[in-house]
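This chain uses plain numbering: 1 for the first residue, then up along the sequence. As the structure lists them, so they are numbered: ligands from 1, and atoms in each ligand from 1. All values reported here derive from a predicted model rather than from experimental measurement.
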Amino acid sequence: MSASLPPGATIGIVGGGQLGRMSAMAAARLGYRCHILTPDPESPASQVAAATTLGFYDDLKTLRRFAAAVDVITFEFENVSAAGLDLLASLKPVHPSPAVLRMSQDRASEKGFINGAGLPTANWMPVDTREELAKAANLLGLPAVLKTTRLGYDGRGQATLRTPADLDAAWEKLAPKPLILEAFVDFACEISVIVARGAYGNVVAFDPVENRHVNHILNLTLAPAQTTQNILDAATGIATELAGATNLVGLLAVEMFVDRDGRVLVNEIAPRPHNSGHWTIEACPVSQFEMHIRAIAGLPLPPATRHADAVMKNLIGPDDLALWPEILATPGLIPHHYGKAEARPGRKMGHVTRLFPRGSLPGPFAIEAALGVLGRGRLGGSAP
Ligand code: AMP
């Protein structure tokens with residue numbers, strides 16, 4: 001990348017969800033205008049952006065119109081077709097690069113890339129036929145997780161196989177899509193690290209955090225992760241190596257399992273801001289969103305320091321959103337509403353962050369109490 005993007009320039013964001021919304025808010029503070037590409041006229045990102053091109057991600061005419069209106073292009077939605085990515089890259093600078101996006105769109109190429117960089121994942125095998133599924137289940141053992149290679153998120157496109165009797169139903173549910181079978185990890189915890197890589201190859205890493213899921217959807221993030229220094233260092237090392245190996249400009253979120261023996265295994269990577277980094281908005285001088293905008297705009301990347309400990313709780317579906325008035329009335333809860341009109345079950349509607357002085361993240365019961373109405377029975381078990 002040559003010179004940095006001057007204030008007043010326009011950043012194009014493909015995708016109109018909450019990640020685009022919070023990126024646009026960070027970009028505005030640096031003097032940039034954001035232009036959103038989305039099929040949704042009421043998208044969360046459009047509501048806070050300077051402009052929107054309405055249209056579908058794979059419509060080449062729409063992509064051409066969008067590219068003409070912006071100075072640089074980035075993504076909060078990665079599943080644009082290969083032809084669409086190539087077209088965008090032929091018209092304007094695109095960060096992260098189409099090569100990184102393509103790699104991360106497909107679980108098989110993603111895991112192949114991670115293993116090729118010498119980094120560990122759960123054992124896995126590609127599965128294209130029912131016979132290959134039987135063979136993979138034999139080799140990897142059960143339990144195992146069958147996953148579609150593309151378009152899976154929040155547990156969609158997955159089936160857990162516990163006994164050989166589960167194979168038929170899982171195959172019926174997910175075939176004929178390309179699949180992988182992955183050994184089940186009996187994890188001690190799930191952690192993630194968000195790294196940013198600048199235009200000149202410098203990498204900064206936010207502290208590793210711990211993620212708790214309910215029904216495969218992220219529910220709670222604890223910053224920092226409550227684990228050993230060795231595991232924290234291993235996770236940061238893996239994320240930093242991956243950022244270098246991808247050569248990307250922008251953010252890379254790396255989700256990892258810590259198994260019962262303390263080994264750190266990469267689950268998946270995403271070249272964009274990530275739900276497990278929302279706490280950085282309040283707990284860090286430079287949030288993940290500002291770091292992403294800085295990287296793609298060719299601005300300096302300051303250290304990803306953290307001045308507070310934090311807990312982030314997602315607001316999911318109509319039940320959590322119904323508590324909005326109580327959330328606003330609870331001292332210490334920092335509320336974020338994504339502006340989505342319809343609160344469908346399982347949909348991420350907003351989040352709250354609760355800060356604690358650095359080094360004083362309390363134990364489970366105090367966290368539950370600190371989240372007030374959101375803590376009571378909503379943390380996936382009796383306590384986090
Ligand atoms: P994914 O879509 O791969 O991020 O999976 C969503 C969630 O399913 C993960 O965050 C884990 O909680 C769980 N999961 C996915 N793969 C595995 C695995 N191989 N072993 C155990 N749990 C898994």
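Scanning both residues, Gly112 and Trp124, for their nearest heavy atoms gives N-CZ2, 3.6 Å.
Of all atoms in ligand 1, numbered sequentially from 1 with element shown, those under 4.0 Å from a heavy atom of His216 are 7 (C), 8 (O). Of all atoms in ligand 1, listed by their number and element, those nearer than 4.0 Å to a heavy atom of Val145 are 17 (C), 18 (C), 19 (N).
On a distance-only criterion, Val185 and ligand 1 share at least one N/O pair closer than 3.5 Å. Checking only distances, Ala122 never comes within under 3.5 Å of ligand 1, N or O to N or O.
Proximity of Asn211 to ligand 1, defined as any heavy-atom pair under 4.0 Å, is not found for any part of the residue. Only the backbone of Ala183 comes within 4.0 Å of ligand 1, judged by heavy-atom distances.
By the 4.0 Å N-to-carboxylate-O rule, Glu182 lies close enough to Lys111 to be salt-bridged with it.
Within a 6.0 Å radius of CG in Asp166, more than 12 heavy atoms belonging to other residues, nucleotides or ligands are found. The environment of CD in Glu132 is crowded: more than 12 heavy-atom neighbours from other residues, nucleotides or ligands sit within 6.0 Å.
With distances taken over non-hydrogen atoms, the option nearest atom 15 (C) of ligand 1 out of Glu268, Lys147, Arg212 is Lys147. By heavy-atom distance, the residue among Glu190, Glu255, His213, Met256 lying nearest atom 11 (C) of ligand 1 is Glu190.
Note: Phe206 and Trp279 have perpendicular aromatic rings, judged against thresholds of 30 and 60 degrees for the angle between ring planes.
Remark: side-chain polar atoms of Arg294 are paired, donor with acceptor, to backbone N or O of Pro300 under 3.5 angstrom.
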